[in-house]
Visitor: 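Would you mind keeping the following structure in view while I ask a few things?
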Amino acid sequence: MGHSEEQYVIRGGKRLEGEVVIAGAKNAALGILAAAVMTDDKVTIENVPYVSDTRTLLKAIENIGATVEYKDKHTVVICGKGIRERQPVDDEYIRKIRASYYLIGALLGKHKYANVALPGGCDIGSRPIDLHIKGFEKLGAKTEIVAGGSIIAEATELHGAHIYLDTVSVGATINIMMAAALSPGKTTIENAAKEPHIVDVANFLNTMGANIKGAGTDVIRVRGVEKLHGAEYSIIPDQIEAGTFMAMTVATRGNVLIKNVIPKHLEAISSKLVEMGAHVIEYDDSVRVMADGALKSTQIKTLPYPGFPTDMQAQMSAILGLSDGTSIVTESIFENRFRYVADLTRMGAKIRVEGNSAIITGVKSYNGAVLRATDLRAGAALVIAALSANGVSTIEDIKYIKRGYEDFADKVTALGGMMKTVETEQEIQKAKLELASNF
Ligand code: UD1
């Protein structure tokens, strides 16, 4: 097989030590970047993670007429003034990201018209947007799925509404909140999601002049305003990137200071790591994770925030596979989120999937293997497993991992991990030799 796509080559067995700085939250950024076009003024957003998902969304925003200017690697100035009304949002990339759906709420609120290619994203089960659509319709929009797989949402007048979400949905909560911000009258969103990035998007909209209260609780109240104005805003740190480095530290029995985090957002993750026998010390805006010796098994069930995040499920399974005893990991948000299990099994893990649970019997260690990322967080789990394994692993399809991890290989390398990004068969062989010799 000729490899022209990028891969990671990882040699396991090094304890990770040192400091790592966490980037801005990808999922907050996707909401905020979409919301930024809701005003005709300039908006400056700081701490934008430099990952492919945010760059894809920014391309789409540019393609419909907004200006996007990078002031530095993490600061973007956006001006939505030039956006052509009734311009469809569709390009070869936008369908690949899930968060394209935020442009429906943003443009519907701003122009009372949105025509957006239906979202893709990671293949982790069916991911309907019926709740988003229900919400837009309550606000007075008519929606239609048109040939070619786009959704049109349109209204003569938008108005406030009482909206109850049957399922707790991050995407629907943010999307409805954005459209409601510019819908005259009062909107109440009940059974709203409470994730930190919902609070961040609400805070950003409020900085632009919106009137949103209750974000972070399960009832969000929005009083529609006539228009939004320019703002400067800095995105919160990425809870999942932080959690991934925490799990990676435990996997390698390392000692790492994880900087630029909000420890409160990490509580569900920290408490599981502590149950497993790791030490987690919280500071104001960093956490230190340390682990040595044997790890203990535990039970995990993914739930909406403040429960254990589904986006950390795979990474935790990777380390539970190295613990003493049997663990059960139950996925209650998505249907198809155990696709990494096949690869972990080939590394020597003992994991059986039954329905929406993985039953994990710990083994002493993993062995390096040829691996393939099936989605973003599954890919991160394989990186963690490979860093702890005996020998060398390669991971294909790292394009999924690059959706959400900025400079992943560089950050791991700075902690002493042996991880390289390569593109050709020749580079792979060279990397394997190099990694083998400096061990
Ligand atoms: C977002 C995150 C994703 C994370 C997930 C859960 C982004 C871009 N992605 O995804 O990383 O894993 O939250 O924390 O922020 N549902 C419906 N109908 C809808 C919408 C959702 O039935 O209209 C269901 C989904 O199938 C799922 C559950 O609700 O079972 C939660 O999904 P949701 O919170 O909406 O996830 P996403 O916004 O897709």
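Whatever order the structure lists them in is the order used to number ligands and atoms, beginning at 1.
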Visitor: For ligand 1, is there an N or O atom under 3.5 Å from any N or O atom of Lys26?
Guide: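 Not met; the criterion fails.
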Visitor: Would you say Asp311 has any N or O atom under 3.5 Å from an N or O of ligand 1, going by distance alone?
Guide: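 It does: an N or O of Asp311 is found under 3.5 Å from an N or O of ligand 1.
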Visitor: Pull out every atom of ligand 1 sitting under 4.0 Å from any heavy atom of Ile129, numbered as shown with elements.
Guide: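 Heavy-atom distances to Ile129 below 4.0 Å select 19 (C), 23 (O).
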Visitor: Find all atoms of ligand 1 within a distance of less than 4.0 Å from any non-hydrogen atom belonging to Thr310, and give their numbers and elements.
Guide: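 So the atoms of ligand 1 that pass are 6 (C), 12 (O), 14 (O).
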Visitor: Any idea which part of His132 is under 4.0 Å from ligand 1, heavy-atom wise: side chain, backbone, both or neither?
Guide: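 The answer is both.
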Visitor: Under the side chain to side chain donor-acceptor pair (under 3.5 Å) rule, what do Thr302 and Gln313 come out as? Steps first, then yes or no, please.
Guide: CA-CA 7 Å; Thr302 64; Gln313 184 255 104; over 6 Å; no
Visitor: List ligand 1 atoms under 4.0 Å from Gly171, heavy atoms only on the residue side.
Guide: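 Close to Gly171: 35 (O), 38 (O).
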Visitor: Taking distance alone, with N or O pairs closer than 3.5 Å, would you say Ala99 contacts ligand 1?
Guide: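 Between Ala99 and ligand 1 (N or O atoms, distance only) the closest approach is not under 3.5 Å.
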Visitor: Using a 4.0 Å cutoff against the non-hydrogen atoms of Tyr101, which atoms of ligand 1 qualify?
Guide: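 Near Tyr101, meaning under 4.0 Å from one of its heavy atoms, ligand 1 has 37 (P), 38 (O), 39 (O).
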Visitor: When the aromatic ring centroids of Tyr400 and Tyr405 are compared, is their separation below 6.0 Å?
Guide: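 Ring centres of Tyr405 and Tyr400 not closer than 6.0 Å.
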Visitor: Strictly distance-based, threshold 3.5 Å: is any side-chain N or O of Asp238 a donor or acceptor partner for the main-chain N or O of Ala23?
Guide: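 A pair under 3.5 Å: no.
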Visitor: Any nitrogen or oxygen of Asp130, side chain or backbone, less than 3.5 Å from one on ligand 1?
Guide: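 Yes: some nitrogen or oxygen of Asp130 is under 3.5 Å from one in ligand 1.
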Visitor: What do you reckon, does Ala172 have a nitrogen or oxygen under 3.5 Å from a nitrogen or oxygen of ligand 1?
Guide: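 Ala172 vs ligand 1: no N/O contact under 3.5 Å.
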Visitor: Using a 4.0 Å heavy-atom threshold (strictly under), name the region of Tyr305 that reaches ligand 1: side chain, backbone, both or neither.
Guide: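 Looking at Tyr305 and ligand 1, no heavy atom falls under 4.0 Å.
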Visitor: Could you establish whether Val168 and ligand 1 come within less than 4.0 Å of each other, counting only heavy atoms on the residue side?
Guide: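 Right, Val168 reaches ligand 1.
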Visitor: Can Ser357 and Thr330 be counted as having a side-chain donor-acceptor contact under 3.5 angstrom?
Guide: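 Thr330 and Ser357 do have a side-chain donor-acceptor pair below 3.5 Å.
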Visitor: Suppose I only count heavy atoms of Thr167 and a 4.0 Å limit; which atoms of ligand 1 are within that range?
Guide: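 Near Thr167, meaning under 4.0 Å from one of its heavy atoms, ligand 1 has 29 (O).
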Visitor: I want to know if ligand 1 touches Ile333 in the polar sense, i.e. an N/O pair below 3.5 angstrom.
Guide: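 Looking only at distances, the answer is yes, because the N/O contact criterion of under 3.5 Å is met.
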Visitor: Arg337: heavy atom below 4.0 Å from ligand 1, yes or no?
Guide: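 Yes, that is the case, since the closest heavy atom of the residue is under 4.0 Å from the ligand.
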